[in-house]
Structures are given as C-alpha cells and as structure tokens.
Amino acid sequence: MAERFPKRSILSVMSSIASANSGQKSPKSGKATQSGKSGRRRPQGQPNKPEIPASEPATFSPQPNRVTQIRANSPAPSPEEFNTQDFLSDPRSAINPKKPKTTKIGQSKSRKPRQKNLAAVDLFDFPQPNLENVRAIASNPTARVSRPISPSAPIPDAEKPPNVKKSPLPRPRPQESQRPGKRPAPRSVPPLVYATRLLILGVGIAVICGTLLSVVNAVSRSTAATQETPAEQNKQAGSAVAAPAASESLQLNQELAALKTQVQVMATENPTLTAGIFLVDLDTGSYLNFNGDAAFASASTIKLPILAAFFQAVDEGKVRLDQVLTLKQENIVGGSGEMQDDPPGKKYSALEVARKMIVVSDNTATNMMIELLGGAEILNQHFAAWGLRATVLRNNLPDLEGTNTTSPKDLINIIAQVDRGNLVSVKSRDRILQILRQTKNDSLLPRGLGEGSVIAHKTGNINTMLADAGMVDLPNGKRYLVAVMVKHPQETEKSAQTLIREISRMSYRYLNGGETPADSQVKIKN
C-alpha cells in the first residue's frame with residue numbers, strides 16, 4: 001500500500017507529530033518487529049490516533065518511488081514513526097523516513113484491523129468530506145458517526161490524482177440475432193466435381209427423355225392398334241403363323257468332323273437304313289449334322305412338343321395342373337399305353353394325363369391332351385412360332401401311316417428351348433425334365449451310355465420308323481443333346497435299334513473322353 005502524506009505544510013505536520021509523541025515512553029527493546037506491525041507502545045489511556053484539526057481534513061498524495069517497494073496489503077506508517085530531529089537535520093527523511101527501533105505492541109481489542117488494498121481508492125474522485133463527521137471523529141476516535149456513509153460516497157482522505165484517465169466502459173456485445181449477417185465467401189469447385197455434377201445431370205436428363213419417349217411410343221402404338229381394321233388384324237395373324245416368330249434357338253459353333261466321319265462309315269455299312277442324326281455339345285457349341293434337317297415320320301416323338309405346349313398353357317393360366325379331365329370314348333385308341341383299358345367317364349388330372357403321355361407313351365392320353373390344348377391346328381401354330389420347321393401334327397395317334405412329321409434338328413431345338421427357359425418357366429422346365437427322365441423305354445439311347453450318365457428323352461416307334469431324342473448329362477459334367485431317327489423296312493427293326501445304340505455309344509465316348517476346342521462356347525439364342 002502506497003504511503004500517504006498530508007497536504008499541509010511540513011512545519012504543521014511536524015508540530016502535530018511532536019505533540020503526539022510527547023507523552024510516549026521510550027521503547028523497551030530496540031529490536032525490529034515484523035513487516036507491517038511496527039510501532040511504539042502507548043499508554044492505555046491515550047487514544048490510538050493523534051488529533052487532527054477539524055479546520056482542514058488530512059489528505060494523502062501517492063509517493064511514486066515507494067509504490068513498488070511496499071506490498072499492497074501492508075498498512076501505511078503512522079505519523080508516530082517520524083522523528084522531528086531527523087527531519088530538521090535532513091529534510092529528505094520526511095520522504096524516505098528511517099524506521100526506528102520499536103517493540104511489538106499488542107493491538108487493542110476495540111480497535112478494528114486496518115483495511116487492506118486501500119490503494120485502490122486513488123483511482124476514484126471523492127468529494128469534500130462532511131466537516132461535522134470529521135470533528136466528531138477527531139474529538140472521540142472510538143465513537144461511530146450516527147449517519148453512515150453510503151457505499152457510493154467517496155472516502156474523505158483520498159484526493160483525486162491529477163491527470164488520471166478513466167478506463168473506458170466496455171461496450172455491450174451485440175447478440176447473435178443483432179449481428180449483421182456475413183455472406184460466406186464463395187468456394188471454388190474442383191473441376192472433377194464440376195464434371196461429375198454435369199455428368200449426373202446429363203444422365204438424369206437422358207433418363208427422363210427416354211421415359212417420355214417410351215410413353216409416347218406406347219401411346220402411339222396403342223392408338224394405331226385400335227384403329228386397325230379386323231381384316232388387317234387377321235392378315236397379320238396369318239402371316240405370323242406362316243412365318244416362324246423366332247428363329248432357331250441353337251447357334252452352332254463348328255462341326256465335329258471326326259465324329260461325323262465315324263457316323264458316316266457306320267451308316268454306309270447299313271444301306272437298308274435311312275438315318276438322320278443331330279447332336280450338339282452344349283458346353284462348346286460343336287455339333288454333328290447328318291441328315292438332321294430331313295423330315296421323318298414322328299411316331300411318338302411328336303408327344304415331346306405337345307408336352308411343351310401343355311406347360312406353356314399352364315404358365316399362361318389357360319390350364320391348371322389339377323384340372324379334372326374326363327376320358328371320352330372317342331379319345332380311346334390302341335397302341336401303346338394303359339389308359340385304353342379304362343372305362344369312359346373316368347376322371348384324371350391334367351398333370352397325370354401329361355405324365356402318362358410321356359412315361360408310358362400313352363396314345364389315349366395324347367389324344368386327350370390334344371383336345372385340351374385346342375386341337376392340331378392350334379398346336380401347329382405354336383410349333384411354327386417356335387421355329388420347328390418340319391414338325392406338323394396332322395392326325396391323332398397312333399398315326400400308323402406316319403402322317404405326323406418332325407426332324408432330328410426340330411427335336412433338339414425343342415429340348416434346347418425348354419432347357420434355356422425360352423418357352424416355359426423355370427418351374428415348368430423342371431417338371432418337363434423330370435417327366436422325361438422317367439421314360440420307361442430305355443432300349444435305344446440309354447443302352448449306349450456309361451455308368452453315371454443321366455438322360456431325359458422320348459422314344460418313337462411305328463412299323464417303319466424308330467427314333468429317340470433326349471438330353472444327356474455325363475459324369476464329367478458335360479451335357480449334350482442327341483436325336484437319332486431311323487427309317488427301316490419292317491423286317492429290319494433290330495438293325496435300326498443296333499444303329500441307334502452304336503451311335504449313342506460312339507457319341508458318349510467321344511464327348512466323355514475326347515477334347516474340344518478351348519475357345520468354343522455354348523451359343524443358345526434367347
């Protein structure tokens with residue numbers, strides 16, 4: 001705390017100090033006390049403070065050279081510590097007084113401890129003190145003034161320091177809502193991001209345009225279809241039936257020349273037999289075609305495309321598998337099968353009739369199925385639409401005259417389309433192959449296969465015709481399609497059977513152990 005000195009003249013100060021020290025006793029000990037608690041012992045009846053004339057209040061001015069040397073919380077030295085003789089001999093001692101040797105004096109209980117940090121009052125401007133309160137304090141230091149000083153009233157002992165600038169009051173900080181909005185600086189877009197945005201925008205516009213064009217095209221087609229005359233519609237339907245709606249599903253790669261040579265040698269050794277052979281390796285697309293496009297009497301092999309037409313109708317919702325069919329008298333015919341022994345009026349499910357048509361090659365079941373599907377004319381339209389050029393149904397079975405025709409290539413084509421799912425659904429495809437694997441006549445193609453092979457096939461046999469066509473799965477994972485049709489005289493049926501078996505054995509050995517071109521691929525048209 002900085003020291004304070006009265007504003008009055010030095011002589012008046014010294015006289016007051018001398019009068020105050022006249023009644024004091026000399027100290028008993030010359031040892032210095034602790035910092036901030038030095039002073040001389042006073043008589044018990046003497047007041048702690050000297051009288052201050054009421055005519056002029058005592059004020060103190062700060063001493064700059066002592067501010068940094070005295071702690072802020074230490075009390076200011078009392079006027080008792082100054083010696084008059086020291087001042088007279090050396091006037092500078094009033095500015096830098098020497099601390100006399102004092103003894104430690106106990107503080108009176110009635111006296112309150114001095115307030116700390118009083119140096120802070122130098123920063124404020126205090127008005128002139130009330131003279132009545134000053135006189136009352138001078139006459140009786142222990143008495144309290146009846147009128148308390150308000151907290152905001154300045155201390156009378158302090159004097160306004162000259163040229164002290166008031167610290168500026170802090171301006172209130174504006175709220176977030178009152179602050180003016182700042183526009184963020186525009187960020188530069190990298191070229192790659194800009195190009196990506198343009199690409200996405202272009203794709204979106206292209207998709208929208210394509211959708212609009214599709215809608216417009218569909219509307220225009222529907223409008224044109226409603227404006228066509230019935231004659232034009234019939235003309236288009238007739239042309240669609242006459243020309244195949246879809247080309248052949250098989251796209252062949254290269255011919256198996258070595259296998260074809262062996263087949264030709266075998267065929268020339270039996271001049272009484274007319275054979276047609278078509279074979280396709282589904283893993284490579286390689287094929288063998290020996291009179292495969294020639295039309296032969298279909299016999300019971302015509303039942304294979306009829307089965308595909310039945311499951312196509314099931315997929316379209318025209319027929320149900322559990323649909324009840326009634327056996328009629330006009331459907332009962334001789335030949336192969338067991339339903340010919342059943343009485344007319346017996347009930348069968350549609351799936352049961354289709355299964356008997358293939359598994360036991362029942363002719364009666366085949367006639368019931370032809371009637372269910374709409375007749376021979378409707379079926380021929382389906383065959384033509386599937387690309388079966390030589391397959392035609394002209395009469396109901398048993399067709400001993402051989403008017404119904406097909407070719408080895410057509411039989412392979414229909415099996416390939418079923419396997420690829422072009423004609424029927426996956427579920428119907430599985431049912432068709434399951435039924436074909438249950439064929440009971442295994443005297444032809446199955447006889448030439450090795451152990452572990454599986455075949456799904458359909459046979460055909462009339463007086464002068466013997467045939468077998470199916471799909472073979474080999475133990476090594478390969479799959480191929482083969483159809484062999486042999487026209488023979490009535491007395492040479494055994495030779496025809498032997499030829500079909502030998503061709504099956506030769507194909508099995510070639511494809512099971514032979515090598516195929518590495519770049520060959522299966523090419524089945526969707």
Side-chain angles (χ1 to χ4, degrees), residues 298-383 385-386 388 391 393 396-399 404 406 411 414-442 446 454-460 468-471 473:
S298 63
S300 292
T301 57
I302 195 68
K303 300 171 183 177
L304 185 58
I306 294 175
L307 180 68
F310 167 72
F311 278 97
Q312 189 180 68
V314 171
D315 293 336
E316 295 174 354
K318 299 178 181 178
V319 179
R320 301 191 316 273
L321 293 177
D322 59 348
Q323 184 173 343
V324 178
L325 303 180
T326 304
L327 178 61
K328 299 179 181 178
Q329 183 63 41
E330 58 268 22
N331 295 331
I332 300 174
V333 293
S336 61
E338 54 189 25
M339 291 180 65
Q340 57 185 335
D341 299 330
D342 296 335
K346 187 176 181 179
K347 307 294 184 181
Y348 303 93
S349 66
L351 180 60
E352 184 180 3
V353 172
R355 183 177 176 275
K356 289 181 177 293
M357 179 180 65
I358 299 297
V359 174
V360 297
S361 191
D362 198 305
N363 293 332
T364 301
T366 304
N367 292 337
M368 293 177 65
M369 190 61 59
I370 292 173
E371 182 181 1
L372 175 65
L373 297 176
E377 185 177 357
I378 299 298
L379 289 174
N380 288 332
Q381 293 177 5
H382 289 300
F383 300 158
W386 297 345
L388 308 180
T391 304
L393 178 64
N396 288 349
L397 298 186
D399 190 29
N404 300 328
T406 188
L411 295 176
I414 191 65
I415 297 175
Q417 292 193 58
V418 169
D419 180 61
R420 298 295 297 175
N422 296 345
L423 300 181
V424 294
S425 63
V426 176
K427 187 183 297 184
S428 296
R429 178 200 66 187
D430 295 340
R431 288 184 180 274
I432 290 175
L433 295 178
Q434 182 182 8
I435 292 173
L436 291 175
R437 293 189 183 104
Q438 297 175 1
T439 299
K440 291 186 176 182
N441 187 359
D442 57 355
V454 179
I455 183 172
H457 68 115
K458 180 66 189 79
T459 59
D468 198 355
M471 182 174 64
D473 289 306

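Reckoned from all heavy atoms, side chains included, excluding hydrogens, waters and symmetry mates. Here the structure is a predicted model, which means the values were calculated and not measured. We count residues from 1, following the sequence as given.
Listed by chain and residue number, nothing satisfies the salt bridge (charged side-chain N to carboxylate O under 4.0 Å, His left out) test with D399 (two or more places apart in sequence, or in another chain). Checked against side-chain hydrogen bond (donor to acceptor under 3.5 Å, both in side chains), K427 has no partners two or more places apart in sequence or in another chain. In this view, T326 and K347 satisfy the side chain to side chain contact (heavy atoms under 4.5 Å, CB included) rule, not counting sequence neighbours. Residues passing the side chain to side chain contact (heavy atoms under 4.5 Å, CB included) test with R429, sequence neighbours excluded: V418, V424, V426, L433. The side chain to side chain contact (heavy atoms under 4.5 Å, CB included) test applied to P398 returns V333, N363, L400, not counting sequence neighbours. Shown here are the side-chain hydrogen bond (donor to acceptor under 3.5 Å, both in side chains) partners of S428, two or more places apart in sequence or in another chain: D315, S425. For K318, the salt bridge (charged side-chain N to carboxylate O under 4.0 Å, His left out) partners two or more places apart in sequence, or in a different chain, are E316. In this structure, R437 has no salt bridge (charged side-chain N to carboxylate O under 4.0 Å, His left out) partners at least two apart in sequence or on a different chain. Every side-chain hydrogen bond (donor to acceptor under 3.5 Å, both in side chains) that D419 has, sequence neighbours left out, goes to R479. Listed by chain and number, the residues in a side chain to side chain contact (heavy atoms under 4.5 Å, CB included) with L321 are F310, F311, V314, L351, R431 (sequence neighbours excluded). In this view, T301 satisfies the side-chain hydrogen bond (donor to acceptor under 3.5 Å, both in side chains) rule with no residue, not counting sequence neighbours.
If you take OG1 on T439 and CG on L436, they are separated by 5.5 Å, rounding to the nearest 0.5 Å. Rounding to the nearest 0.5 Å places CD1 of I435 at 11.0 Å from CG of L304. How far CD of Q417 is from CG of L388: 6.5 Å, rounded to the nearest 0.5 Å. Separation of atoms OG1 (T366) and NZ (K303) is listed at 4.0 Å; rounding is to 0.5 Å. Atom CG of residue L423 and atom CD of residue Q312 lie 6.0 Å apart, to the nearest 0.5 angstrom. The CG atom of L307 sits 4.5 Å away from atom CD1 of I358, with the distance rounded to the nearest 0.5 Å.
Between the side chain of N380 and the backbone N or O of A376, at least one donor-acceptor pair lies under 3.5 Å. For the pair S298 (side chain) and T406 (backbone), a donor-acceptor distance under 3.5 Å is absent.
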Checking side chain to side chain contact (heavy atoms under 4.5 Å, CB included) for the pair L379/I306: CA distance, chi angles, key distance, verdict? CA-CA 7 Å; L379 289 174; I306 294 175; 4.3 Å; yes

Pairs under 3.5 angstrom only: tabulate donor-acceptor contacts from the side chains of residues 334-343 to other protein residues two or more places apart or in another chain.
from: S336; atom 1: OG; to: S361; atom 2: O; distance (Å): 2.5
from: E338; atom 1: OE2; to: K356; atom 2: NZ; distance (Å): 2.9
from: Q340; atom 1: NE2; to: G335; atom 2: O; distance (Å): 3.1
from: Q340; atom 1: NE2; to: G337; atom 2: O; distance (Å): 3.3
from: D342; atom 1: OD2; to: Y348; atom 2: OH; distance (Å): 2.3

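L325 and A350 make their closest contact through CD1-CA, 3.9 Å (heavy atoms, listed as atom of the first residue, atom of the second, distance). Between T364 and D362, the closest heavy-atom pair is N-OD1, 2.9 Å. In terms of heavy-atom proximity, L397 sits nearest to A299 at CD2-O, 4.4 Å. Scanning all heavy atoms of the two residues, the minimum distance from W386 to P305 falls at CZ3-O, 3.7 Å.
Using a 4.5 Å heavy-atom cutoff, the side chains of P344 and I332 are in contact.
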